[in-house]
Asks: 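Mind looking over this structure? Questions follow.
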Amino acid sequence: MDFLISIMSKNTSIVELFCIEKLEKMIKLRMEDRKLGDGQLEYIEKVRNIIRDFSLKTGISIKYFARTYGCQQNENDTEKLSGLLEAMGFEPTNDINFADLIIFNTCAVREHAERKILGNLGALMKNKRENPALKIVLCGCMFQQPHMAEKIKSYRQVDMILGTHVMGSFPEKIYKLYTEKGKIIDLENIDTLPLENIPTKRENSIKAWVTIMSGCNNFCSYCVVPYVRGREHSRYPDDVISEVKDLVDKGYKDITLLGQNVNSYCKDLDIGYDFSDLLSDLNKIDGKFRIRFMTSHPKDATRKLFDTIANCEKVCKHVHLPVQSGSDRILKLMNRRYTSEQYLALVEYAEKKIDGVTFTSDIIVGFPTETEEDFEKTLSLVEKVGFNGLYTFLYSPRENTPAAIMDGQVPSDIKSERFNRLLELQNQKSIESNLRYIGKIVEVLTEGYTDEEKTTMTGRTDENIIVKFPAEAGVLNEFVKVKIERAANWAIFGRVVK
Ligand code: 5AD
Ligand code: SF4
């Protein structure tokens, strides 16, 4: 017995030691790494002074224009960069030609954005000639790729290039931009923690994005994200919960939680808490609002997740679950770590548990070695699931990813032909899915008008389906009930009922 007690007390002390160490690590992370870096508040003040002096002398303000090339997570980062710029005294403009500071926040996921950025930079030479004080800043993960960083260095019109870690020292970088000569390039350290308490300029008054984690550990063979955004880092649950509470208090009604793979939320923190727990806790916040989330990796989507969605009335009954391909051979080459059968089993489980659940997905067409037979398996999966909507992508090789150097790259005419067939099938599936709403009453969060005369109002259902209806009975930015009378593949139409 004594022996047992001695082991127990020994173990307890080990556990305690471990906890203290963990606690210290957590506190250190919170205090040091998860807020704006050292002295950044001082830099905000310094830039404010520069801008104030300039405005006093000239009588004009310094305007910034910010544009995002990328996903919602990039959009949310741009909202934070804009919030910081406004804290520094810059004023926003929606017209790039009136801007004194242009900031492009970029994404590396697809080649398309790169071509767009390079084109736009060419056109900005004219702005630079007309306004020699104009500063052009590029940031985000696109330049974390060595070939893009190299290419962009020769663009004389660009004044500053910042990588994915930009947020933590952004005020200091802006101060340098206005006080030092020469191009500033800072592309170190991709492994960034999501920061807390960054002023955010929300682009919408009822819909808000909340980034809950950054990075990705999955290394899908076609994808550049893990190389340019680093490993997964989760925000602490109480930080996320208090941000959402604050948004709800401010009147936001549609909140989307963002992460490359929200299903692995908190795995890096090792605190015995997961994404489903977060959904349950957010669901407890008082008020009428919706919780959405993206993106879910099918390999990490658990039964617990679907059970939680079923039980939480504020969590939308819609799951964005990228399948990428219907062929097991291609899924293996993609390093997705699930089979089409496992994917279909998830969908089946969710449909059984969650009344009226809908799915959307991402599909890549023309992955290296994809044959007609592989592609037909994708069509067959799309047919079986009946997605409510699809984001379809032509495979594009991304530098340094394993798929880019695989043999059997698919010719572009074959990719396009398959892409069009997939779109055609999806259009048909979307209309079939939307026809199911005819005669039903759906709850819509109204978000705007479709015409200048304001005769037709538009909004979205829980499942993210666009609904249009005569505006006279609707109230903007509110939940209304609409009885559906007609459906197209891109929207459903009806009338407000009391
Ligand atoms: N080519 C085409 N599509 C891609 N995606 C990611 N990388 C590539 C690529 N190299 C798509 C995937 C992912 C979505 C965000 O972008 O479908 O889910
Ligand atoms: Fe890219 Fe795969 Fe990570 Fe998604 S899960 S960001 S596709 S590596």
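Start at 1 with the first residue, then count along the sequence. Quick caveat: nothing in here was measured; it's all calculated off a predicted structure. Both ligands and their constituent atoms are indexed starting at 1 by order of listing.
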Asks: Any non-hydrogen atom of R336 lying under 4.0 Å from ligand 2?
Replies: yes

Asks: Check each atom of ligand 2 against the heavy atoms of P226 and keep those under 4.0 Å away; list them by number with element.
Replies: 8 (S)

Asks: Counting each atom of ligand 2 from 1 as listed, which ones have a heavy atom of C216 under 4.0 Å away?
Replies: 3 (Fe), 5 (S), 6 (S), 8 (S)

Asks: Using a 4.0 Å heavy-atom cut-off, say whether N261 meets ligand 2 through its side chain, its backbone, both or neither.
Replies: neither

Asks: Tell me: protein heavy atom nearest atom 4 (C) of ligand 1, and distance?
Replies: I364 CD1, 3.7 Å

Asks: Salt bridge (charged side-chain N to carboxylate O under 4.0 Å, His left out) for R235 and E243? Distances and angles first, verdict last.
Replies: CA-CA 11 Å; R235 290 175 64 196; E243 181 173 348; 2.8 Å; yes

Asks: Which ligand 2 atoms, with their elements, are less than 4.0 angstrom from a heavy-atom of Q260?
Replies: 6 (S)

Asks: With a cut-off of 2.8 Å, does H297 place any N/O/S atom under that distance from atom 2 (Fe) of ligand 2?
Replies: no

Asks: For atom 18 (O) of ligand 1, find the nearest protein heavy atom and state the residue, atom name and distance (0.1 Å precision).
Replies: D362 OD2, 2.6 Å

Asks: With a cut-off of 4.0 Å, which atoms of ligand 2 are near a heavy atom of Y222?
Replies: 7 (S)

Asks: Only heavy atoms of V109, strictly under 4.0 Å: list the atoms of ligand 1 that pass.
Replies: 5 (N), 6 (C), 7 (N), 8 (C), 16 (O)

Asks: Run the numbers for me: atoms of ligand 1, each under 4.0 Å from some heavy atom of Y395, listed by number.
Replies: 1 (N), 2 (C)

Asks: Hey, does Y222 come in under 3.5 Å of ligand 1, counting only N/O atoms on both sides?
Replies: yes

Asks: Which ligand 2 atoms are under 4.0 Å away from a heavy-atom of F219?
Replies: 8 (S)

Asks: At what distance is the nearest protein heavy atom to atom 16 (O) of ligand 1, and which residue and atom is it?
Replies: R110 NH1, 2.7 Å

Asks: Short list, please: which atoms of ligand 2 are under 4.0 Å from a heavy atom of V225?
Replies: 6 (S)

Asks: What protein heavy atom sits nearest atom 2 (Fe) of ligand 2, and how far away is it?
Replies: C220 SG, 2.3 Å

Asks: Can you check whether F419 and F393 have ring centres sitting under 6.0 Å from each other?
Replies: no

Asks: How far is atom 3 (N) of ligand 1 from its nearest protein heavy atom, and which residue and atom is that?
Replies: F393 CB, 3.4 Å

Asks: Just to be sure I'm reading this right: ignoring hydrogens, which of C220, S396, P397, A403 gets closest to atom 10 (N) of ligand 1? Compare them by their nearest heavy atoms.
Replies: S396

Asks: Identify the closest protein heavy atom to atom 1 (Fe) of ligand 2: which residue and atom is it, and at what distance?
Replies: C223 SG, 2.3 Å

